[in-house]
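These notes concern the structure reproduced below.
Just so you know, these numbers use all the heavy atoms, side chains as well, and skip hydrogens, waters and symmetry mates. In what follows, chains carry the letters A, B, and so on, assigned in the order in which the sequence lines appear, proteins first and then strands, with residues in each chain numbered from 1.
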There are 4 protein chains.
Amino acid sequence: MNISLAQAEKIIAAAQQKSAAIGTKMNIAVVDAGANLVAFARMDGAWLGSLDISIKKAKTARFFDMNTGVIGELSQPGGSLYNIEHSNSGLITFPGGIPIKNAAGEIIGAIGVSGSSVENDHTVAEAGVLAL
Amino acid sequence: MNISLAQAEKIIAAAQQKSAAIGTKMNIAVVDAGANLVAFARMDGAWLGSLDISIKKAKTARFFDMNTGVIGELSQPGGSLYNIEHSNSGLITFPGGIPIKNAAGEIIGAIGVSGSSVENDHTVAEAGVLAL
Amino acid sequence: MNISLAQAEKIIAAAQQKSAAIGTKMNIAVVDAGANLVAFARMDGAWLGSLDISIKKAKTARFFDMNTGVIGELSQPGGSLYNIEHSNSGLITFPGGIPIKNAAGEIIGAIGVSGSSVENDHTVAEAGVLAL
Amino acid sequence: MNISLAQAEKIIAAAQQKSAAIGTKMNIAVVDAGANLVAFARMDGAWLGSLDISIKKAKTARFFDMNTGVIGELSQPGGSLYNIEHSNSGLITFPGGIPIKNAAGEIIGAIGVSGSSVENDHTVAEAGVLAL
C-alpha cells in the first residue's frame with residue numbers, strides 16, 4: 001500500500017491549518033512508502049533552510065519507520081547510532097518527522113515538518129498524520 | 001516579487017486538472033524567484049524518475065528566465081550552449097519548464113512538469129501558468 | 001526586496017577594511033534573499049578552506065534568518081537541532097554569518113565571513129552589515 | 001605567482017563596465033592559479049543560473065590553461081575530449097572563460113563570465129583580462 005496524492009494533500013492542508021493556528025510558518029513534505037516526495041508546501045515567509053530539512057525529516061521517518069526524534073536520541077555521541085546522519089545523503093534526526101499509517105496499520109509514507117521549534121514541528125506533523 | 005504558496009497551489013491544481021483531462025500522470029513542481037521549491041505534487045502512478053526532472057525543469061526555467069525547451073535547442077552538439085546541463089547540479093533542457101510572471105510582467109517563479117511526452121509536459125505546464 | 005550588487009560590494013569593502021584593521025585575512029561572501037551568491041572576496045593569503053565556509057555561513061544565516069552562532073548553540077550534542085548541519089548540502093553553524101536587513105527591517109540577504117577566530121569572523125561580518 | 005584580490009577586483013570592475021556598455025547583465029568570477037574563487041559579482045537582474053556557470057567557466061579555463069571555447073570544440077560527439085564536462089564536478093566548455101596572465105606571461109588565474117550570448121560573455125571576459 002502506498003499513500004495517494006489526495007491523501008498527501010489532505011495531510012498537508014491539515015498541517016498548514018495547524019501551523020497557522022499556532023502562529024508558525026512551516027515547510028511540509030509528504031513522502032510515499034518508497035521515501036519519494038509526493039507533495040510539498042512551503043508557507044509564505046517560512047525559513048528557506050527548512051525546505052530541505054522537512055523533506056529529509058519525512059524521508060528519515062520512512063527510512064526507519066519511526067519518529068525522527070527517536071533516532072536522534074540514539075545518534076548522540078556515545079549512542080548506538082552515533083552520526084547516522086551521514087547516511088542516505090543526509091538524515092535529520094530531531095523531531096518533526098512521523099510515519100503515516102493506513103487503517104490497517106501499514107506504513108504508507110511519512111510527513112516531515114520544519115520551520116519552528118522542534119516541539120512545534122512535531123505538533124504540526126502530528127496534526128497532519130491525524131487528518132488521515 | 002515572489003510567488004505565494006496560494007498562487008503555487010492554484011497553479012498546481014490547474015496543471016493536475018489539465019493532466020487528467022489529457023490522460024497523463026504528472027509530477028508538477030513550482031519554484032519561487034530564488035529557484036527554491038514552493039509546492040510540489042506527484043500524481044498517483046506518475047513516473048518516479050520524473051520527480052527530480054520536474055523540479056530541475058522548474059529551476060532551469062527560473063535560472064535563465066525562459067522555457068526549458070529554448071535552452072535545449074542551444075545545448076545540442078555543435079550548439080552555443082553545448083552541455084550546459086552540467087551546471088547548477090544538473091539542468092533539464094527539454095520542454096516542460098516555464099517561467100511564471102505576475103500581472104506586471106515580472107518573473108516570480110517557474111513551473112516544471114514531467115511525466116509524459118515533452119509536448120504533453122509543456123501543455124500541462126502552460127495550463128498551470130495560465131491559471132494565475 | 002533583494003540586496004543589490006552595489007550594496008553587497010559596499011558591505012564587502014567595509015568588511016575588508018575591518019579585517020585589515022584587526023590584522024586578519026578573510027573570505028567574505030554576500031548572498032541575496034534567495035540565498036544565492038551576489039558578491040565574494042578572498043583576501044590575499046586568507047585560508048583556502050574558509051572560501052566554502054564563508055559562503056556556507058552566509059547561506060546558513062539566510063536559510064534561518066538568524067546569526068549562525070545561534071544555530072550552533074542548538075545543534076550541539078543533546079541540543080534540539082543536533083546535527084542540523086547535514087541539511088542543505090552542509091551548513092556552518094558557528095559565528096560569522098549574519099542576516100542583512102534593509103531600512104524597513106526586511107531581510108534582503110546575508111553575509112558570511114571566515115578566516116580567523118570565530119569572534120573575529122563575527123566582528124568583521126558585523127562591520128559589513130553596519131556599512132549598509 | 002598568483003593573482004591578488006586587488007587585481008581580481010580591478011578585472012571584475014572592468015568586466016562590469018564592459019557588460020553595462022553593451023547592455024548585458026553578467027555573473028563574473030575570478031579564480032586564482034589554484035582554480036579557487038578569489039572574487040565574484042552578480043550584476044542586478046543577471047540570470048541566476050549563470051552564477052554557477054561563470055564560476056565553472058573560470059575554473060575550466062584554469063584547469064586546462066586555455067579559453068573554454070577551445071575545449072568545447074574538442075568535447076563534441078566524436079571529438080577527442082568527448083563529454084569531458086563530466087569531470088571536475090562539472091565543466092563548462094563554451095566561450096566565456098579565459099586564463100589570466102601576468103606581465104611575464106605566467107598564468108595567475110582565470111575569469112569566467114556568463115549572462116548573455118556566448119559571444120557577449122567572451123567579449124566581457126576579454127575586457128576583464130585586458131584591465132590587468
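Per-residue counts of heavy-atom pairs under 4.5 Å with chain A were compared for B:Val38, B:Asn2, B:Val30; the largest is that of B:Val38.
A:Asp44 pairs with exactly one of B:Ile3, B:Leu5, B:Asp32 by the side-chain contact (heavy atoms from CB on, under 4.5 Å) rule, that one being B:Leu5.
Proximity to chain B at a heavy-atom threshold of 4.5 Å picks out nothing from residues 69-85 of chain A. Within residues 112-132 of chain A, no residue has any heavy atom less than 4.5 Å from a heavy atom of chain B.
To the nearest 0.5 Å, the span separating CG on B:Leu51 from CG on A:Asn36 amounts to 6.0 Å.
Interface remark: A:Leu37 contributes backbone and side-chain atoms alike to the contact with chain B (heavy atom separation under 4.5 Å).
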